[in-house]
Colleague: 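Submitted below is the structure of interest, expressed as structure tokens.
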Amino acid sequence: MKAYNPHEIEPRLQLRWEEDGLYAVDEHSDKPRRYVLEMFPYPSGDIHMGHVSNYTYGDVVARYSRMRGFNVLHPMGWDAFGLPAENAAIKHHSHPAKWTYENIDTQRASFKRMGFSYDWDRTVVACDPEYYRWGQWIFLELWKRGLVERRNSPVNWCPECATVLANEQVIEGRCWRCHSEVQKQDLTQWYYKITDYAEELLADLDQLTGWPENVKQQQANWIGKSEGANVDFELLSAEGEPTGESITVFTTRADTLFGCSFFVLAPEYAGLHELVAGTEHEAEVMALVEAASKVSAVERAQGDHEKHGAFTGRYVANPVNGEKVPVWVADYVVADYGTGAVMAVPCGDQRDFEFARKYGLPIIPIILGDDDPLFPQLKDEQGRVVTEVDWPEAYAAEGTLVQSGPYTGMVGGKHSPGEAAIVEALEKAGKGKRATEYRLRDWLISRQRYWGNPIPAIHCPACGVVPVPEEDLPVRLPEDIDLAAGETLATHAGFVDTVCPQCGGPAKRETDTMDTFTCSSWYYMRYTDPHNVHAPFDSARANAWMPVDQYIGGIEHAILHLLYSRFFTKVLRDAGMLDFDEPFANLLCQGMVLDANGEVMSKSKGNVVSPEEMIAEYGADAVRAAMLFMGPPDKEKLWNEDGLAGMYKFLNRVWRIVFDLVGKAGDETLFDPEADAAQAHDLAMAMKRERHRVVGKVTEDFERNNFNTALAAIMELTNATAAFLRLRPAEHRMECKTGGPLCREVAEVLVKLLAPIAPHFAEELWQVALEGTGSVHEQPWPEFDPEQAKADEVELAVQLNGKVKAKVTVAADADEDAVKAAAQQAISGALEGKAVRKVIYVPGRLVNVVAG
RNA sequence: GCCCGGGUGGCGGAAUGGCAGACGCGUCGGUCUCAAAAACCGAUAUCGAAAGGUGUGUGAGUUCGAAUCUCACCCCGGGCACCA
């Protein structure tokens with residue numbers, strides 16, 4: 001028997017598999033298809049343990065699926081545009097492409113060294129013009145469909161990255177990439193109108209039964225649907241006379257309109273200056289506007305929310321009772337949600353309450369909880385309105401409406417009868433309308449950076465902004481650019497100067513590039529048809545492969561990438577290119593790989609574990625298996641090398657056992673010359689049962705991505721096999737020597753079960769120990785018979801009043817009465833003097849005798 | 001504040017109404033060896049000499065039976081957050 005040597009086996013088999021094209025997809029196969037995909041990596045350098053974990057999960061699913069008879073698409077590519085490449089280029093006076101492609105080469109080599117079964121012929125690289133060309137094509141398609149907009153509005157600007165960011169890329173007021181404080185600026189930028197799909201993006205989460213609940217929850221939160229009403233408040237003149245103009249607010253609590261004691265505009269509210277221009281209030285209001293604009297996003301996100309406001313001197317009329325309501329401006333109103341104006345009801349909203357207290361505005365109680373001490377006083381209309389209450393905070397829950405005219409006594413709250421009644425009345429009076437608002441904002445896709453996909457648009461002094469004609473795609477990034485010298489697309493004359501495709505006059509190219517997330521929003525579609533030169537992909541091919549059957553990636557993309565991809569899928573479906581609604585049928589979000597102390601691995605902490613070093617010591621198969629065994633894939637994993645060493649020992653053990661089972665272990669085999677034949681027979685039978693039980697268990701576990709327990713079950717089969725081999729007497733030893741059927745069968749099962757996990761190890765055993773034909777990775781998955789997993793006899797626990805008191809062994813097919821009698825016999829001592837009231841029998845498990 | 005996870009030996013974890021701690025790591029003891037390593041065997045929740053207790057964050061409840069279901073509370077992690 002040769003020794004297990006991963007360092008010799010692994011590179012040799014990797015080369016062989018590649019030469020044989022073992023993982024190339026056959027488009028013409030009539031097998032059922034399965035699309036297994038891991039999120040493509042950013043080529044930031046060499047791979048880290050997080051990559052090892054993510055891509056190992058995917059490889060196990062892909063290899064298992066092939067053995068189950070599927071035609072598997074399992075591709076790999078790179079999300080290759082982005083800022084780190086540009087920064088590296090500036091630092092080293094080179095070009096981002098150089099850094100990017102070098103890193104891609106490094107990562108590709110590492111992936112190959114891990115033995116991942118990709119079809120390398122389908123590789124997609126986002127910065128390749130043959131790919132980004134179609135990203136531009138999709139941009140034009142969205143433009144045609146009215147989903148591209150260029151508009152001026154306050155945007156998030158990262159000074160460090162020198163570019164604007166999408167809403168989703170601002171985390172607690174900071175840039176998602178460099179963590180700098182984000183600034184608000186008014187800029188004209190390009191948007192994808194993802195809000196047009198807000199309702200469907202929310203509603204279709206229900207279809208995603210194969211997604212983790214927390215990811216769906218996060219997306220639902222982010223979309224943030226609120227149902228309420230738009231209510232018009234008529235603006236009064238400075239003298240208090242009706243003007244005929246009105247200001248609309250969005251509210252989910254129209255039921256509280258009688259408690260509206262003031263009205264608030266956001267500092268950025270469009271018509272604000274007009275209202276105060278030339279009045280005594282102008283200075284104070286504009287000072288507040290100025291101060292609000294200086295508050296950074298970080299302060300907004302983390303501050304103590306001290307509210308500031310100023311009175312505008314103007315009033316509006318409350319549409320339900322005509323009351324004159326003062327109009328304030330305050331920094332707690334969000335400008336780009338709803339209408340940028342709110343009606344303030346301090347008794348029912350904590351923010352309004354705090355503001356009212358600070359500025360001495362009235363708090364009118366109009367909704368009370370049933371146990372509120374004010375209740376007896378306010379229960380019936382008293383003819384007077386109480387405005388002085390001594391509450392510690394607002395009452396935001398459901399309650400009974402009081403002091404609310406005809407609605408007094410009704411139940412108020414979100415989606416309450418009171419709310420419905422008031423909205424209905426407002427609609428009849430033409431003063432309000434049902435409305436739905438979403439927290440989701442449009443996707444700002446333009447970036448002021450070089451290393452991205454150029455936006456295919458041209459600015460013509462005569463024709464305005466015009467799309468680049470489809471036949472002129474791609475708009476290529478110029479290669480002769482000196483980023484280190486401060487050159488940008490905007491200063492690159494050869495890029496900027498062009499002619500207008502409409503009038504032929506001189507024009508300028510758009511110099512912004514697209515957010516890198518536009519590249520990752522459709523790459524999985526390109527994999528189905530990666531070499532297409534006429535379209536981003538062929539619809540028939542995409543529809544045949546998609547949706548992705550199993551998608552695997554990090555939880556950090558719960559909102560960004562996954563939401564954008566769902567949006568793209570729906571748009572391209574509406575464009576007639578796809579016939580499904582959702583891109584990813586099943587999603588596995590892997591947990592982070594941390595160090596042994598539960599700390600995030602980072603260069604600054606010096607606790608980074610290098611996959612290369614681990615492979616160099618134990619081989620890729622042991623690294624893969626150790627990662628899988630560490631715990632459930634969606635939980636955090638604490639990497640420790642002892643587990644890896646243990647896995648290496650386990651592989652060595654299986655190696656010897658498999659050779660031994662087929663009689664090739666040589667004379668060093670252990671066996672007991674004095675073993676008892678009957679005992680050896682029992683162990684052989686136990687091994688046979690385990691062979692069936694474990695195949696069943698591993699199959700079930702792989703179907704549910706429970707890789708850790710699958711491996712534990714394989715270890716159990718290994719243990720049963722080792723027990724048999726150790727105690728076998730001479731004749732069983734001969735059975736192995738002559739390739740006896742049971743030993744041979746168990747050896748094959750072990751090798752096949754391990755094939756998805758430790759592919760090189762299994763392949764070498766398949767070919768050398770088992771002398772199998774072809775590759776183990778093309779073998780069918782082992783069958784199992786649940787009947788053969790059953791033992792003749794079972795041991796049952798016997799409980800007295802729920803406590804285990806004894807064990808009995810009975811025939812598996814013994815009848816219930818006999819089992820119950822045997823059980824009572826077994827605990828007769830403890831039963832003494834007690835009356836048996838009830839006996840519960842759970843076949844195969846226990847008997848519980850209830851007595852007292 | 002709102003929403004979502006989670007709390008089990010020395011450690012990673014298993015068990016989703018039926019014998020808690022599978023499987024592995026670690027530790028201890030043994031075989032082999034001049035010795036060590038490797039390999040192999042055995043032990044390993046806890047109190048107790050044993051019999052027998054106790055034990056899945058805390059407290060209550062449902063049930064013949066609860067880590068698992070229900071309610072309340074404590075703690076840890078994640079997401080969103082002045083979104084009306």
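Sequence lines set the chain letters: A, B, ... in the order given, protein chains first and strands last, and positions in each chain run from 1. All values below come from the heavy atoms of this structure, side chains included, with hydrogens, waters and symmetry mates left out.
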Colleague: Between K805(A) and G53(B), is there a contact of a side-chain N or O with OP1 or OP2 at under 4.0 Å?
Modeller: yes

Colleague: I need the CZ-C1' distance between R704(A) and A14(B), as an integer number of Å.
Modeller: 14 Å

Colleague: Between W328(A) and F355(A), is the ring centroid distance below 6.0 Å?
Modeller: yes

Colleague: For G57(B) versus G53(B), give the span between their C1' atoms, rounded off to a whole number of Å.
Modeller: 22 Å

Colleague: Expressed in whole Å, how much space separates the P atoms belonging to G17(B) and A66(B)?
Modeller: 14 Å

Colleague: Determine the Euclidean distance between corresponding C1' atoms of G59(B) and C64(B); express it in Å to zero decimal places.
Modeller: 24 Å

Colleague: With nearest nucleotides of RNA chain B determined for K637(A) and G224(A) from heavy-atom distances, which residue corresponds to the more 5′ nucleotide?
Modeller: K637(A)

Colleague: Output, in order, the C-alpha distance, side-chain angles, deciding distance and verdict of side chain to side chain donor-acceptor pair (under 3.5 Å) for D701(A) and T709(A).
Modeller: CA-CA 7 Å; D701(A) 280 346; T709(A) 49; 3.0 Å; yes

Colleague: K307(A) side chain: which of C82(B), C19(B), G78(B) is closest?
Modeller: C82(B)

Colleague: Is it true that W222(A) and E168(A) share a donor-acceptor pair across their side chains at a distance under 3.5 Å?
Modeller: yes

Colleague: Tell me: CG of L594(A) to P of C76(B), nearest whole Å?
Modeller: 18 Å

Colleague: Could you measure between the two C1' atoms, the one in G24(B) and the one in G6(B), and give it in whole Å?
Modeller: 23 Å

Colleague: May I ask which nucleotide in the shown strands pairs with G5(B), Watson-Crick or G-U wobble, both distances under 3.5 Å?
Modeller: C76(B)

Colleague: Need the glycosidic conformation of G9(B): syn if within 90° of 0, anti if not. Which one?
Modeller: syn

Colleague: Taking the side chain of E795(A) as its heavy atoms from C-beta onward, which of C19(B), G13(B), G12(B) lies nearest to it?
Modeller: C19(B)

Colleague: Restricting to side-chain contact (heavy atoms from CB on, under 4.5 Å), what partner residues turn up for K431(A), sequence neighbours left out?
Modeller: P319(A), L426(A), A429(A)

Colleague: Measure CD/Q590(A) against C1'/G5(B) and give the value in whole Å, please.
Modeller: 17 Å

Colleague: Can a side chain N or O of Y332(A) be found less than 4.0 Å away from OP1 or OP2 on A84(B)?
Modeller: no

Colleague: Starting the side chain at C-beta, find the nucleotide from A84(B), A14(B), G18(B) nearest to R845(A).
Modeller: G18(B)

Colleague: In whole Å, what separates the P atom of G29(B) from that of A20(B)?
Modeller: 31 Å

Colleague: Quickly work out the E636(A) CD to G13(B) C1' distance and round it to whole Å.
Modeller: 14 Å

Colleague: How long is the gap from OH on Y438(A) to OG1 on T195(A), to the nearest 0.5 Å?
Modeller: 10.0 Å

Colleague: Tell me every residue that passes side chain to side chain donor-acceptor pair (under 3.5 Å) with S153(A), counting only those two or more places apart in sequence or in another chain.
Modeller: Y191(A)

Colleague: Report each atom pair, protein N/O against N/O of nucleotides 63-67 of chain B, whose distance is under 3.5 angstrom.
Modeller:
| residue | atom | partner | partner atom | Å |
| --- | --- | --- | --- | --- |
| C64(B) | O2' | N848(A) | ND2 | 3.4 |
| C64(B) | O2 | N848(A) | ND2 | 2.7 |

Colleague: Expressed as a whole number of Å, how far does the C1' atom of U70(B) sit from that of G79(B)?
Modeller: 27 Å

Colleague: Would you classify K225(A) as touching base, sugar-phosphate or nothing, given that sugar-phosphate means primed atoms plus P, OP1 and OP2, and contacts are heavy atoms under 4.0 Å?
Modeller: nothing

Colleague: How far, in whole Å, is G18(B) from C69(B) if one measures between their C1' atoms?
Modeller: 14 Å

Colleague: Looking just at side-chain N and O atoms, do R653(A) and N719(A) make a donor-acceptor pair shorter than 3.5 Å?
Modeller: yes

Colleague: Starting the side chain at C-beta, find the nucleotide from A84(B), G18(B), G78(B) nearest to V333(A).
Modeller: A84(B)

Colleague: Rounded to the nearest 0.5 Å, how far apart are CZ of F258(A) and CD1 of I364(A)?
Modeller: 11.0 Å

Colleague: With sequence neighbours left out, write down each residue that passes side-chain contact (heavy atoms from CB on, under 4.5 Å) with D349(A), or none if nothing qualifies.
Modeller: R351(A), D352(A)

Colleague: If you only use heavy atoms from C-beta on, which nucleotide in G13(B), A84(B), C19(B) is closest to the side chain of P632(A)?
Modeller: G13(B)

Colleague: If you take any heavy atom closer than 4.0 Å to RNA chain B, which residues from residues 434-443 of chain A end up in contact?
Modeller: R439(A), R441(A)

Colleague: Could you write nucleotides 22-32 of chain B as a row of B, S and -, 5' to 3', where a protein heavy atom under 4.0 Å of any base atom gives B, of only sugar-phosphate atoms gives S, and otherwise -?
Modeller: BBSS-------

Colleague: In whole Å, I'd like the distance from the CG atom of L725(A) to the P atom of A39(B).
Modeller: 17 Å

Colleague: Please state how far atom CD1 in I657(A) lies from atom C1' in C40(B), giving the value in whole angstrom units.
Modeller: 11 Å

Colleague: Only pairs with both distances under 3.5 Å count, Watson-Crick or wobble alike; so what is the partner of A22(B) in this structure?
Modeller: none

Colleague: What pair of heavy atoms forms the shortest contact from A335(A) to E268(A), and how long is it?
Modeller: CB-OE1, 3.4 Å

Colleague: Taking a pair as Watson-Crick or G-U wobble with both distances under 3.5 Å, which nucleotide is matched to C69(B)?
Modeller: G61(B)

Colleague: Please name the nucleotide paired to A39(B) by Watson-Crick or G-U wobble geometry with both distances under 3.5 Å, or report none.
Modeller: U31(B)

Colleague: Rounded to whole angstrom units, what separation is found between the CG atom of N706(A) and the C1' atom of U16(B)?
Modeller: 13 Å

Colleague: Under the side-chain hydrogen bond (donor to acceptor under 3.5 Å, both in side chains) test against N156(A), which residue among Q169(A), R174(A), K184(A) passes?
Modeller: K184(A)

Colleague: Just by distance, do the side chain of D595(A) and the backbone of M601(A) share a donor-acceptor pair under 3.5 Å?
Modeller: no

Colleague: Select one nucleotide: of A39(B), U54(B), C3(B), the one nearest the side-chain heavy atoms of N221(A).
Modeller: C3(B)

Colleague: Could you tell me how far apart N214(A) (CG) and G79(B) (P) are, to the nearest whole angstrom?
Modeller: 11 Å

Colleague: Would K307(A) and Y332(A) count as a cation-pi pair here, with the cationic atom under 6.0 angstrom from the ring centre and within 45° of the axis?
Modeller: yes

Colleague: Quickly, which of T256(A), T251(A), D255(A) forms a side-chain hydrogen bond (donor to acceptor under 3.5 Å, both in side chains) with R253(A)? Name it, please.
Modeller: D255(A)

Colleague: Distance check, C1' atoms only: A72(B) and C25(B), in whole angstrom units.
Modeller: 38 Å

